[in-house]
Visitor: 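Pasting a structure here, questions to come.
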Amino acid sequence: MSDEQDRPSLHVDRPARPRPLPPETAASADAEERPRLGVMPPEVRVEATGQTASGSIVVINRGGGRLEGRVEVDQGWATPRPDAFQDNRQRIDIDIDLTALPLDEVSLATIRVTAGQDRQAIPLMVLRFGFSRVLDLFRKGNAAPAKEACRRLLQDDPADLSASLLMAAIYFDERNFPAALRMLCDLAEEPAPEQPPQVPDDVLDTIVSSLDAHPGALRNYEHGIPIFERMLDVASPQARPHIAAALRAAFVGYLQDHLQERRTSLRGEDDDAADYVILRDTPEQPEGMDGVRVDSSRTDNVPNEEIHRLSRYVSRAGAQFPDDPEWPALRTRLDQVLRERARAGQKRAVRAVVRTLMVVGIAYAAFVGLRAWRLSAARGAVQGASYAAAVQITSGVLQWSPGNHEARALRAEANAAWARSLFDGGAPGQASERMTAAITDFPDDPGLLEARRDLLQRWGDLLLQRGEVDAALVRFREVQALAPTDARVARRIQSLEGPGKLYRTLAGLERGSPIPQSGDAPSRPLERPPPAALRVLTAGGLPTFSERLQVLRADLDGDQRDEVSIAGTEGGRGGLRVLRPHVEEAGDGAVRLEFEEVLRHEAAADAWLDGMRLVRLEPGRPREAGVLVVGWRRPPGNGLLGHSVFVYQPREGKTLKAWLPPDTPGPVQILDSNHDGTLEIWLSKVFGEVAVPVPYRWRDGQVTDLTVDFSDYYLDELIPDLERRLLGTRDPRERASLEAAIAAARALARK
């Protein structure tokens with residue numbers, strides 16, 4: 001049957017067309033230039049789907065003058081827009097509310113146009129067609145109109161499941177396999193509707209029969225599993241066996257192929273993995289899971305799509321075909337693959353194992369089996385040193401089964417092993433946190449308590465080697481709390497009380513004024529050290545200065561132990577001592593703190609300490625070099641005397657190197673004056689009261705004169721400034737100093 005034969009009849013009584021006026025009458029009307037109404041087309045036909053549609057007419061003036069009038073429709077589901085016109089040519093749209101019309105029937109209305117004495121009635125015929133209309137065309141073999149009508153349905157509602165499957169069946173009838181498969185694949189990726197419609201059996205049978213006739217058609221799309229599942233949801237009881245057989249065959253083929261021993265994709269370099277088990281919804285839920293939101297299609301953040309599909313399909317196949325003997329063996333094989341990944345150290349894969357237990361409602365029997373799988377994966381994670389994954393998995397089990405002793409013991413074991421690994425990796429603080437977490441699970445376990453005690457003991461020894469005596473004392477006191485009768489620990493704590501007091505005193509004396517730079521205000525005098533502090537330093541075997549004293553602690557040789565730099569004034573004479581602390585075992589658990597002198601410097605006579613500071617020359621670099629600068633003043637009120645400058649480099653035995661001359665007059669500045677990212681050291685040549693800066697750089701254990709790089713500074717800035725000062729003074733001594741400074745600056749510029 002043709003498309004025209006199948007189209008519904010639209011017979012309507014039309015008004016008779018007006019007969020043309022006699023020639024003489026028409027001529028007289030034209031002479032009067034009266035407007036005359038004309039409307040095109042003579043009838044309006046609309047075929048549409050969805051909720052709204054529209055048609056249109058055009059009103060024209062067939063006479064003279066200006067045409068004005070109105071447009072009305074005699075049915076409320078059609079509205080003219082606009083409903084009036086004042087032009088000789090005007091388009092009028094007819095908006096149609098399809099929701100008010102029946103499906104697959106022709107609805108009639110009349111469009112009435114009035115302009116003065118002229119009136120015209122235009123028939124409006126609307127066909128709102130739906131799925132049944134398209135299905136009827138498909139069953140009658142009218143492929144072209146059926147496809148066009150189905151395309152309109154999908155344009156209005158792309159998620160129309162019935163129309164999508166019908167379009168796929170139409171494509172299969174046309175032998176257009178690429179289009180049909182593309183339609184089915186797109187359909188499988190869409191979320192399932194909450195209330196799926198029931199699709200006619202002949203549509204589903206066309207699709208399944210076409211796929212049966214071409215078994216390799218969907219091989220590259222996971223053997224059609226999602227497609228058959230979606231079709232099973234919308235099939236009638238009579239059609240379900242045929243589709244279920246196709247679904248089972250797809251499950252078996254895909255899983256057997258992807259779980260073969262020869263396949264290696266599941267053991268690749270990719271650490272990412274998806275949820276190990278996602279079970280389909282069942283009416284029952286395990287105890288403690290009331291109110292859990294069910295979302296069995298959760299696939300967010302799943303980079304490794306293959307393992308995700310395998311885990312889902314194993315579980316879904318077992319739920320769909322519970323009595324089929326294929327699934328236990330496949331499930332065991334998948335479990336084996338995941339445990340192999342865990343032992344191989346693929347931490348993110350293990351961490352993702354069965355994560356969706358918290359969002360999927362499952363039957364109690366499946367819950368118990370799933371819990372066993374989680375614990376199996378956790379054991380594999382511990383064996384593979386994936387401790388974080390093991391802790392996360394066991395914590396998930398305990399969230400739903402708080403009384404599970406096996407999970408708690410496994411979590412404690414993972415935390416303890418994790419603590420040992422962190423400590424060996426140089427993170428003792430994090431190691432202590434992990435060990436505390438292990439003991440939280442089993443507070444009275446003697447093995448865990450012994451492991452914590454051993455970890456704290458090793459941590460205290462490490463801090464002691466670094467010279468952090470107070471921090472070491474805290475750790476040893478924690479050990480004593482775990483073993484109060486241990487005499488060796490008590491002896492160690494007792495022997496550290498004195499050094500601990502010494503280190504606290506050193507920390508309290510790390511103060512002093514900064515060394516003044518050019519243009520800075522004079523520094524305030526250093527505070528006299530408290531007598532109690534002097535007594536502690538003396539008792540600890542350290543040199544002291546009773547008139548002025550400053551102490552700095554810093555790791556100068558890169559061994560993670562602070563050297564102690566002590567500068568001061570005693571009897572009007574200044575000096576500097578740099579000492580390296582050593583902690584030695586004294587027997588029976590006691591320790592002894594000793595200091596090795598690595599640098600001694602005596603300042604000139606009548607040198608009073610002005611301040612001491614450390615400056616890193618290469619910030620951010622490992623084991624960077626630096627400068628230790630000690631400033632000296634003449635007796636109070638007599639002004640700046642000079643500086644002692646030392647460069648230190650943490651490398652192979654050369655820690656501190658005195659820079660000659662040891663006492664440099666004038667200011668010392670350390671700054672990046674040319675903005676090249678490296679600090680320069682500016683010393684001074686002093687002529688009377690006039691200082692000429694000279695730049696140096698420390699690099700690779702050598703002092704380099706940078707004068708040649710700063711010739712423009714001498715020629716363009718310093719020398720003109722000194723010459724202006726020379727012209728402005730009459731003091732002979734100052735003139736002599738300025739002339740000597742200018743000569744020295746010119747000599748430096750010519751280097």
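For the single chain, residues carry numbers from 1 onward in sequence order. This one's a predicted model, so the numbers in the text were calculated from it and none came from an experiment.
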Visitor: Where do Phe687 and Ala744 come nearest, in terms of heavy atoms and distance?
Guide: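 So the minimum-distance heavy-atom pair works out to CZ-CB, 3.4 Å.
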Visitor: Specify whether His601 and Trp632 have parallel, tilted or perpendicular ring planes, treating 30° as the upper limit for parallel and 60° as the lower limit for perpendicular.
Guide: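 Rings of His601 and Trp632: tilted, as their planes differ by 30° to 60°.
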Visitor: Just by distance, do the side chain of Thr436 and the backbone of Ser432 share a donor-acceptor pair under 3.5 Å?
Guide: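 Looks like yes, one N/O pair under 3.5 Å.
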Visitor: Run the side chain to side chain contact (heavy atoms under 4.5 Å, CB included) check on Val629 and Ile681 step by step: do they pass?
Guide: CA-CA 11 Å; Val629 183; Ile681 306 169; over 6 Å; no
Visitor: State, yes or no, whether a side-chain contact exists between Tyr387 and Leu422 at a heavy-atom distance under 4.5 Å.
Guide: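 Tyr387 does not reach Leu422 side chain to side chain.
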Visitor: Does the side chain to side chain contact (heavy atoms under 4.5 Å, CB included) test come out yes or no for Ser565 and Leu628, once each step is laid out?
Guide: CA-CA 9 Å; Ser565 301; Leu628 175 66; 4.3 Å; yes
Visitor: Is a side-chain donor or acceptor of Arg548 paired with a backbone partner of Leu609 at a separation under 3.5 angstrom?
Guide: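 Yes.
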Visitor: List, one per line, each side-chain donor-acceptor pair under 3.5 Å for residues 479-486, sequence neighbours excluded.
Guide:
unit_1: Asp486; atom_1: OD1; unit_2: Arg488; atom_2: N; d: 3.0
unit_1: Asp486; atom_1: OD1; unit_2: Val489; atom_2: N; d: 3.4
unit_1: Asp486; atom_1: OD2; unit_2: Arg453; atom_2: NH2; d: 2.0

Visitor: At their closest point, which heavy atom of Ala437 faces which heavy atom of Asn415, and how far apart are they?
Guide: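 Reported closest heavy-atom pair: CB-ND2, 3.8 Å.
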Visitor: State the CZ-CG distance between Phe423 and Asp454, to the nearest 0.5 angstrom.
Guide: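 Answer for the CZ-CG pair, Phe423 versus Asp454, is 8.5 Å.
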Visitor: Is it true that Asp424 and Arg458 make a salt bridge, defined as a side-chain N closer than 4.0 Å to a carboxylate O?
Guide: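 Yes.
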Visitor: Any heavy-atom pair between the side chains of Pro695 and Thr707 that's under 4.5 Å?
Guide: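 Sidechains of Pro695 and Thr707: in contact.
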Visitor: Check Arg504 against Glu497 and note the closest heavy-atom contact, atom names and distance.
Guide: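 Residues Arg504 and Glu497, closest heavy atoms: NH2-O, 4.4 Å.
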Visitor: Give the minimum heavy-atom separation between Pro693 and Leu748, together with the two atoms involved.
Guide: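 That closest heavy-atom pairing would be O-CD1, 4.4 Å.
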Visitor: Considering all heavy atoms of both residues, which atom of Ile493 and which atom of Phe476 are nearest to each other, and what is their separation?
Guide: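 Shortest heavy-atom contact: CD1-O, 3.6 Å.
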Visitor: Between the side chains of Glu413 and Arg408, is the shortest nitrogen-to-carboxylate-oxygen separation below 4.0 Å, so that they form an ion pair?
Guide: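 No, this pair does not count.
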Visitor: Less than 4.5 Å apart, any side-chain heavy atom of Tyr696 and any of Asp705?
Guide: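 When only atoms from C-beta onward are counted, Asp705 and Tyr696 do touch, with a gap below 4.5 Å.
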Visitor: Does Arg475 come within less than 4.0 Å of Glu468, counting only side-chain N to carboxylate O?
Guide: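 No, no charged N to carboxylate O under 4.0 Å.
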Visitor: Give the intermediate values and the outcome of side-chain hydrogen bond (donor to acceptor under 3.5 Å, both in side chains) for residues Ser495 and Arg592.
Guide: CA-CA 7 Å; Ser495 67; Arg592 181 173 57 251; over 6 Å; no
Visitor: What pairs with Glu680 under side-chain hydrogen bond (donor to acceptor under 3.5 Å, both in side chains), at least two apart in sequence or on another chain?
Guide: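 Only Ser673 meet the side-chain hydrogen bond (donor to acceptor under 3.5 Å, both in side chains) criterion with Glu680.
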Visitor: Which atoms form the tightest heavy-atom contact between Gly540 and Leu502, and what is the distance?
Guide: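 For Gly540 versus Leu502, the nearest heavy atoms are CA-CD2, 4.1 Å.
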Visitor: Report yes if some heavy atom in the side chain of Leu506 is under 4.5 Å from a heavy atom in the side chain of Asp562; otherwise report no.
Guide: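 No, every pair of side-chain atoms sits at 4.5 Å or beyond.
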Visitor: Going through the distances and angles, do Phe646 and Val578 end up as a side chain to side chain contact (heavy atoms under 4.5 Å, CB included)?
Guide: CA-CA 11 Å; Phe646 305 89; Val578 179; over 6 Å; no
Visitor: Once rounded to the nearest 0.5 Å, what's the spacing between atom CG of Leu542 and atom CZ of Phe595?
Guide: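 CZ of Phe595 is found 4.5 Å from CG of Leu542.
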Visitor: What I want to find out is whether Arg491 reaches Glu585 closely enough, with some N-O distance under 4.0 Å, to be called a salt bridge.
Guide: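 No, this pair does not count.
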Visitor: Counting C-beta onward and ignoring hydrogens, is there a side-chain heavy-atom pair between Asp461 and Gln457 closer than 4.5 Å?
Guide: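 They are in side-chain contact.
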Visitor: Quick one: are Ile566 and Leu579 in side-chain contact, heavy atoms under 4.5 Å?
Guide: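 In short, these two side chains touch, coming nearer than 4.5 Å.
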Visitor: Scan residues 567-576 for pairs that pass side-chain hydrogen bond (donor to acceptor under 3.5 Å, both in side chains), counting only residues two or more places apart or in two chains.
Guide: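 For residues 567-576: Ser546-Glu570.
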Visitor: Run the salt bridge (charged side-chain N to carboxylate O under 4.0 Å, His left out) check on Glu602 and Arg577 step by step: do they pass?
Guide: CA-CA 9 Å; Glu602 302 294 338; Arg577 307 287 186 272; 2.8 Å; yes
Visitor: Could you check whether any side-chain heavy atom of Phe710 comes within less than 4.5 Å of a side-chain heavy atom of Leu718, counting everything from C-beta outward?
Guide: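 Result no, sub-4.5 Å side-chain heavy-atom pair not found.
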Visitor: Any heavy-atom pair between the side chains of His405 and Phe442 that's under 4.5 Å?
Guide: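 Yes, at least one pair of side-chain atoms sits under 4.5 Å.
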